[in-house]
Amino acid sequence: MTVGFEVMARDGAARAGRLATAHGTIDTPAFMPVGTAATVKAMTPEAVAATGARVVLANTYHLMLRPGAERIAALGGLHRFMNWPYAILTDSGGFQVMSLASLRKITEEGAAFRSHLDGSRHLLSPERSVEIQHLLGADITMALDECTAFPSERRAVEASMELTLRWAERSRAAFVARPGHGIFGIVQGGVHADLRERAARRLVEIGFDGYAIGGLAIGEGQQTMFAMVENDVPSLPADRPRYLMGVGKPGDLVGAVKRGVDLFDCVLPTRSGRTGQAFTRTGALNLRNARHADDPGPLDAQCRCPACAGFSRAYLHHLVKAGEILGSMLLTQHNLTYYADLMSELRAAIAAGRLGAFAALPGEAE
Ligand SMILES: [Zn+2]
């Protein structure tokens, strides 16, 4: 039953592990590309798999509104619908309700809102969120949470965190256990160490298959984010995966892995790819910049991706400037390959006990 998790090696607080799901095994630490609307934008599933990714994240909020969870279930589930044979983690929909929906109202029952697409009314309760994720066929389901805005008054953060804990209990109760499928609880509590610790301890009492560190990377800054990760990790079980939601930049990933995080997701590599930004082993590049116009060299000489193997910076600059779709495709594939290789290098460093000296970029602070 549930998802299996085995820690294979440790280096300080960091671990290298294997997360076993109904749709394959994920070597951790791992980065999950974001496939919001049942597609990683500008990428075929084959291209996503070629980067090395073995799990993607899909968004409950978007899919419940369009094309609809019941429709996807009738068509054989999300794996078949999007032709992705590996693992899928779905978010609970809570974050998007807060950030995208209009006229939202949070009550004990759930989040009532109007669709940003057509104004239709919906209620996302913990039970409905878990049901939608079951209809989609998610390998990893997330409990419904309320992501508190930053900054907020401590009293508001505490009330929101307590609501998230009650929703976590209802989410856990609504989850139908199946082999290779699991449900993760989410630690909230803003930037208040004691609230977060209380949330983590309560989630562990309820008992989840994995634990997410939520409510961070929303404006508090890297130093505070790392401090909250250091605060939360000791309260979470050593034998269960830990997922830092919505993070982040390469240096954020390295710093969080060093502090014991196993899973990440972020729109940064895919969104940046569509706006002409590339992450490389020598730093980030803006392909719009005219200095690339005559450069025959690759984006990153050490990268194995198709964009680096076959094309020059000059050509990629041309594609980006001309607004060609291929520019988005190649830069997304490069960025996701860079992220996958960064995680692979982190796993190797943990296994070899040399993580201490590891940096995303030479001299970068962590
Ligand atoms: Zn590349």
Side-chain angles (χ1 to χ4, degrees), residues 26-36 39-57 84-86 247-257 263-350 358-364 366:
I26 302 148
D27 292 322
T28 64
F31 179 81
M32 303 186 279
V34 175
T36 300
T39 166
V40 177
K41 293 186 198 303
M43 297 280 281
T44 63
E46 292 78 8
V48 176
T51 68
R54 288 296 175 267
V55 54
V56 297
L57 178 148
W84 172 254
Y86 303 108
V247 173
K249 296 191 185 79
D252 298 333
L253 303 187
V254 173
V257 164
L263 292 167
F264 301 89
D265 81 283
C266 189
V267 295
L268 195 61
T270 39
R271 183 174 289 166
S272 299
R274 300 194 304 281
T275 56
Q277 310 282 328
F279 294 94
T280 77
R281 286 166 177 77
T282 50
L285 295 177
N286 181 354
L287 268 297
R288 290 195 170 276
N289 197 310
R291 72 187 169 94
H292 303 298
D294 297 298
D295 190 337
L299 270 182
D300 183 335
Q302 294 176 64
C303 181
R304 62 187 166 86
C305 90
C308 294
F311 305 96
S312 63
R313 289 187 183 192
Y315 181 66
L316 294 166
H317 167 77
H318 159 69
L319 292 179
V320 169
K321 289 292 281 185
E324 287 291 341
I325 292 165
L326 185 60
S328 294
M329 294 166 64
L330 290 172
L331 289 178
T332 301
Q333 189 150 20
H334 167 77
N335 284 342
L336 287 181
T337 303
Y338 173 84
Y339 268 63
D341 286 353
L342 176 64
M343 302 319 284
S344 166
E345 287 158 18
L346 283 163
R347 292 193 297 268
I350 293 166
F358 195 102
L361 291 171
E364 189 166 71
E366 282 137 24

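Atoms within a ligand are numbered from 1 in the order they appear, just like the ligands themselves.
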Supply the atom-to-atom distance Phe31 CZ to Leu268 CG, rounded to the nearest 0.5 angstrom.
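These two atoms lie 7.5 Å from each other.
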Calculate, to the nearest 0.5 Å, the distance between atoms CG and NZ belonging to Leu287 and Lys321 respectively.
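Atom-to-atom, Leu287:CG and Lys321:NZ are 11.0 Å apart.
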Reference residue Phe358; test side chain to side chain contact (heavy atoms under 4.5 Å, CB included); the match among Ile350, Val257, Leu346:
Leu346
Under a 3.5 Å distance rule, please check whether Thr337 uses its side chain to pair with a backbone N or O of Gln333 as donor and acceptor.
yes
Under 3.5 Å, side chain of Asp300 to main-chain N/O of Thr280, donor-acceptor pair present?
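Side chain of Asp300 to backbone of Thr280: no pair is present.
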Which residues and atoms, counting only protein N, O or S, are under 2.8 Å from the Zn ion (ligand 1)?
Cys303 SG, Cys305 SG, Cys308 SG, His334 ND1
Could you check whether atom CZ of Arg304 has more than 12 heavy atoms from other residues, nucleotides or ligands sitting under 6.0 Å from it?
yes
